[in-house]
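First the proteins, then the strands, lettered A, B, ... as listed; each starts at 1. Keep in mind that what you see is a predicted model, and the values were worked out from it rather than measured.
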Number of protein chains: 2
Amino acid sequence: MRRTIALVDDDRNILTSVSMTLEAEGYSVRTYSDGEEAYRGISQKPVDLAILDIKMPRMDGMELLQNLRKTSRLPVIFLTSKDDEIDEVLGLRLGADDYIKKPFSQRLLIERIRALLRRADSLDDPRARKRDAMLVRGDLVLDPERHMCTWKSQGVQLTVTEFLLLRALAQYPGHVKSRDQLMDAAYGEKIYVDDRTIDSHIKRLRRKFRDIDGDFSEIETLYGVGYRYQDN
Amino acid sequence: MRRTIALVDDDRNILTSVSMTLEAEGYSVRTYSDGEEAYRGISQKPVDLAILDIKMPRMDGMELLQNLRKTSRLPVIFLTSKDDEIDEVLGLRLGADDYIKKPFSQRLLIERIRALLRRADSLDDPRARKRDAMLVRGDLVLDPERHMCTWKSQGVQLTVTEFLLLRALAQYPGHVKSRDQLMDAAYGEKIYVDDRTIDSHIKRLRRKFRDIDGDFSEIETLYGVGYRYQDN
DNA sequence: AGTGAGGGGACGCAATCGCGGCATTTCAGT
DNA sequence: ACTGAAATGCCGCGATTGCGTCCCCTCACT
């Protein structure tokens, strides 16, 4: 099985050169240039290993790591630009599995990756599967792996945020989710967006479903509480 | 419920400008210009969140944080004047929840505050589990997680306040609850409303149940005392 | 019978929500 | 790099809903 690696760095040069090396080694690579983007990408479609730069715009490596670790045991390798030992130590304390100082040889990186994947294999987190498992709720089907959504066998084209929100709702049909909880699910705990923004996405979701099925009403509003995906 | 924020900085300009912003956002703000003063103030009357400058006379931010953390888990945001990364990292290690570099936009600060308060809320009380537990009393079922209420298998649509009141009553069937006690259960101990307001909610509750079951009489009035959910 | 508490209708205010619209950001294709 | 389209976040308005209070009448208790 072909392994997927997330590569997160704000330096475009590193992104391209490293990803070329990794791909030559037979890995498929997904690159992100900042932490927030990476968090969403990885949440949406999991990877087997992540390589993170410590310093990045919007959400730095440590923050990203903390967020990722809340839901998975994803193996992580840190990149440190300075030989700033505090960074390294802290990174490891936070749960990184390994770190590499820049500049580094591609050869070293490959070695570390292999070692880490081997170790991860033996543990093989069962929860990792759950994240990208297909979700079927009556007429609704969500396939995170393909980022596909169907309603009564018709495809519905959802954006990333919409997909994450709908999955959070449909995961526990009948359960109320507050806007804050939905925020956590779609953005991670450290990001705050306006309450109205959640409403906006719900609005867009409802519209997309209603466009193909005028009777769609599975997403309910509970006044003063939040939203709920109808139980059936 | 109005949240209180402690703002600690030795720069008067920051103190005034930031506190104006926060108050405009609906928080009540207490300002301190040095760590010692802040420590005494916060110890004496707790706050929901603290924003601390790292460098201050008498007792600096880190020291203050350590002292505060001895007794509470108060969420803390650090302000750092220099992009002195060691400061940041050390702050986090000591247990700060977040940090912001000066100069910062007011918008960013608000965003962080909200994110932090949101997280603090969910961790908050140990009663959280109990709060979400399903309550079954004969023909009555209350499921907070789904925000659903059923009477003899028929759904009853309740508002948040009604739900809280009914749960408070049904939790101990046969026990009388005074209006004050019910108030505490539904609003928290700090808010006081007219006695008759409770009556109004009870009235609405009774009506909703009577609409689907003319014989409903589980909510009893104890003249001059309070209300009681019938024991059975 | 008198007194005061409670039931219930009605009303106005406040909170909440849905939605259109706008500005900015992101991303893919040239 | 440039550009146009898509996505995203936010704002604000109007509409809806919930809430607190008032008032009047009834009923319970003395």
Side-chain angles (χ1 to χ4, degrees), chain A residues 10 12 15 30-41 44 57-58 147 156-166 176-180 182-183 186-188 191-211 216-217 219-228, chain B residues 1-2 24-26 105-108 110-111 114-115 147 157-166 176-180 182-183 186-188 191-211 216-217 219-228:
Chain A
D10 56 334
R12 295 277 176 189
L15 237 43
R30 300 217 309 266
T31 60
Y32 304 99
S33 48
D34 75 77
E36 228 172 274
E37 187 192 330
Y39 178 69
R40 295 230 242 152
Q44 188 203 331
R58 297 216 285 177
H147 191 256
V156 186
Q157 199 61 33
L158 299 184
T159 69
V160 177
T161 313
E162 286 162 3
F163 196 93
L164 290 172
L165 283 175
L166 181 55
V176 189
K177 294 279 186 181
S178 69
R179 288 179 176 72
D180 280 348
L182 292 172
M183 239 176 259
Y187 302 86
I191 312 289
Y192 181 86
V193 293
D194 198 280
D195 276 0
R196 317 267 98 240
T197 299
I198 302 295
D199 292 3
S200 270
H201 286 293
I202 297 288
K203 161 190 67 181
R204 287 159 186 152
L205 269 172
R206 281 172 171 158
R207 182 186 297 165
K208 285 185 179 179
F209 280 88
R210 211 159 261 164
D211 279 351
F216 180 86
S217 61
I219 301 178
E220 300 172 301
T221 306
L222 298 223
Y223 193 98
V225 187
Y227 292 100
R228 172 170 71 185
Chain B
M1 186 178 72
R2 200 177 165 88
E25 280 292 315
S105 72
Q106 307 278 26
R107 162 128 206 81
L108 177 69
I110 297 293
E111 208 173 281
R114 288 191 180 156
H147 196 260
Q157 201 62 30
L158 300 184
T159 69
V160 177
T161 315
E162 287 161 2
F163 198 95
L164 291 171
L165 284 175
L166 180 54
V176 190
K177 293 276 187 180
S178 72
R179 288 179 176 70
D180 279 346
L182 292 172
M183 229 176 272
Y187 302 89
I191 314 284
Y192 285 95
V193 292
D194 199 292
D195 272 3
R196 316 310 310 283
T197 298
I198 302 294
D199 292 8
S200 266
H201 286 293
I202 297 289
K203 163 190 63 183
R204 286 161 184 150
L205 270 171
R206 281 172 170 157
R207 163 140 46 161
K208 285 185 180 180
F209 280 88
R210 213 159 260 165
D211 278 351
F216 180 86
S217 62
I219 301 178
E220 300 172 303
T221 307
L222 280 281
Y223 195 92
V225 186
Y227 293 99
R228 171 171 71 185

Please enumerate all protein N or O atoms sitting under 3.5 Å from an N or O of nucleotides 5-8 of chain C, with distances to 0.1 Å.
{"unit_1": "dA5(C)", "atom_1": "O4'", "unit_2": "Tyr223(B)", "atom_2": "OH", "d": "3.2"}
{"unit_1": "dG6(C)", "atom_1": "OP1", "unit_2": "Arg179(B)", "atom_2": "NH1", "d": "3.1"}
{"unit_1": "dG6(C)", "atom_1": "OP1", "unit_2": "Arg179(B)", "atom_2": "NH2", "d": "3.2"}
{"unit_1": "dG6(C)", "atom_1": "OP1", "unit_2": "Gly224(B)", "atom_2": "N", "d": "3.2"}
{"unit_1": "dG6(C)", "atom_1": "OP2", "unit_2": "Arg179(B)", "atom_2": "NH2", "d": "3.3"}
{"unit_1": "dG6(C)", "atom_1": "O5'", "unit_2": "Arg179(B)", "atom_2": "NH2", "d": "3.3"}
{"unit_1": "dG6(C)", "atom_1": "N7", "unit_2": "Arg196(B)", "atom_2": "NH2", "d": "3.4"}
{"unit_1": "dG7(C)", "atom_1": "OP1", "unit_2": "Arg206(B)", "atom_2": "NH1", "d": "2.5"}
{"unit_1": "dG7(C)", "atom_1": "OP1", "unit_2": "Arg206(B)", "atom_2": "NH2", "d": "3.4"}
{"unit_1": "dG7(C)", "atom_1": "OP1", "unit_2": "Thr221(B)", "atom_2": "OG1", "d": "2.6"}
{"unit_1": "dG7(C)", "atom_1": "OP2", "unit_2": "Tyr227(B)", "atom_2": "OH", "d": "2.8"}
{"unit_1": "dG7(C)", "atom_1": "N7", "unit_2": "Arg196(B)", "atom_2": "NH2", "d": "3.1"}
{"unit_1": "dG7(C)", "atom_1": "O6", "unit_2": "Arg196(B)", "atom_2": "NH2", "d": "3.2"}

> Knowing that exactly one of Met183(A), Arg204(A), His201(A) qualifies, which makes a side-chain contact (heavy atoms from CB on, under 4.5 Å) with Leu165(A)?
Replying inline: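 For Leu165(A), the side-chain contact (heavy atoms from CB on, under 4.5 Å) check succeeds only for His201(A).
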> Is there a donor-acceptor pair closer than 3.5 Å between any side-chain N or O of Lys177(B) and the backbone N or O of Gly226(B)?
Replying inline: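 Checked: no pair found.
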>> If I take atom CZ in residue Phe216(A) and atom C1' in nucleotide dG18(C), what distance separates them, rounded to the nearest angstrom?
In response: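 The answer, rounded to whole Å, is 16 Å.
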> What integer distance in Å separates Leu205(A):CG from dC19(C):C1'?
Replying inline: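 Atom-to-atom, Leu205(A) to dC19(C), this comes out as 14 Å.
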Please give me the minimum heavy-atom distance between [X] and [Y], naming the atom from each residue.
X         : Y         : result
Thr161(A) : Arg40(A)  : OG1-NH1, 2.8 Å
Ile219(A) : Arg206(A) : O-NH2, 3.1 Å
Leu158(B) : His147(B) : O-CE1, 3.2 Å

> Is the shortest distance from a Lys or Arg side-chain nitrogen in Lys208(A) or Asp211(A) to a carboxylate oxygen in the other one below 4.0 Å?
Replying inline: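 Salt bridge absent between Lys208(A) and Asp211(A).
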> Which two nucleotides bound the region of DNA chain D that has atoms under 4.0 Å from heavy atoms of chain A, read 5' to 3'?
Replying inline: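 Listed 5' to 3', the contact boundaries are dA7(D) to dG18(D).
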> Heavy-atom count around Gln157(B) CD within 6.0 Å, excluding the residue itself: above 12?
Replying inline: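 Count not over threshold, so no.
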>> Do Leu166(A) and Phe209(A) have side chains that approach each other closer than 4.5 Å (heavy atoms only, starting at C-beta)?
In response: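 Leu166(A) vs Phe209(A): side chains touch.
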> Would you say Leu222(A) and Tyr227(A) make side-chain contact, with heavy atoms under 4.5 Å?
Replying inline: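 Not touching, per the 4.5 Å side-chain cut-off.
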> Have Arg179(A) and Thr197(A) got a donor and an acceptor in their side chains that come within less than 3.5 Å?
Replying inline: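 Side-chain D/A pair, Arg179(A) to Thr197(A): absent.
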> Starting at the 5' end of DNA chain D, which residue's closest nucleotide do you reach first, Leu158(A) or Leu158(B)?
Replying inline: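 Its nearest nucleotide lies further toward 5', so the answer is Leu158(A).
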> What does the inter-axis angle of the helix from dA1(C)-dT30(D) to dT30(C)-dA1(D) come out as, five pairs per end, nearest 10 degrees?
Replying inline: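 Overall, the helix from dA1(C)-dT30(D) to dT30(C)-dA1(D) bends by 40° from one end axis to the other.
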> When all nucleic acid strands are considered with a 4.0 Å heavy-atom cut-off, which category describes Thr197(B): base, sugar-phosphate, or nothing?
Replying inline: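 The answer is base, as Thr197(B) lies within the cut-off (heavy atoms under 4.0 Å) of a base atom.
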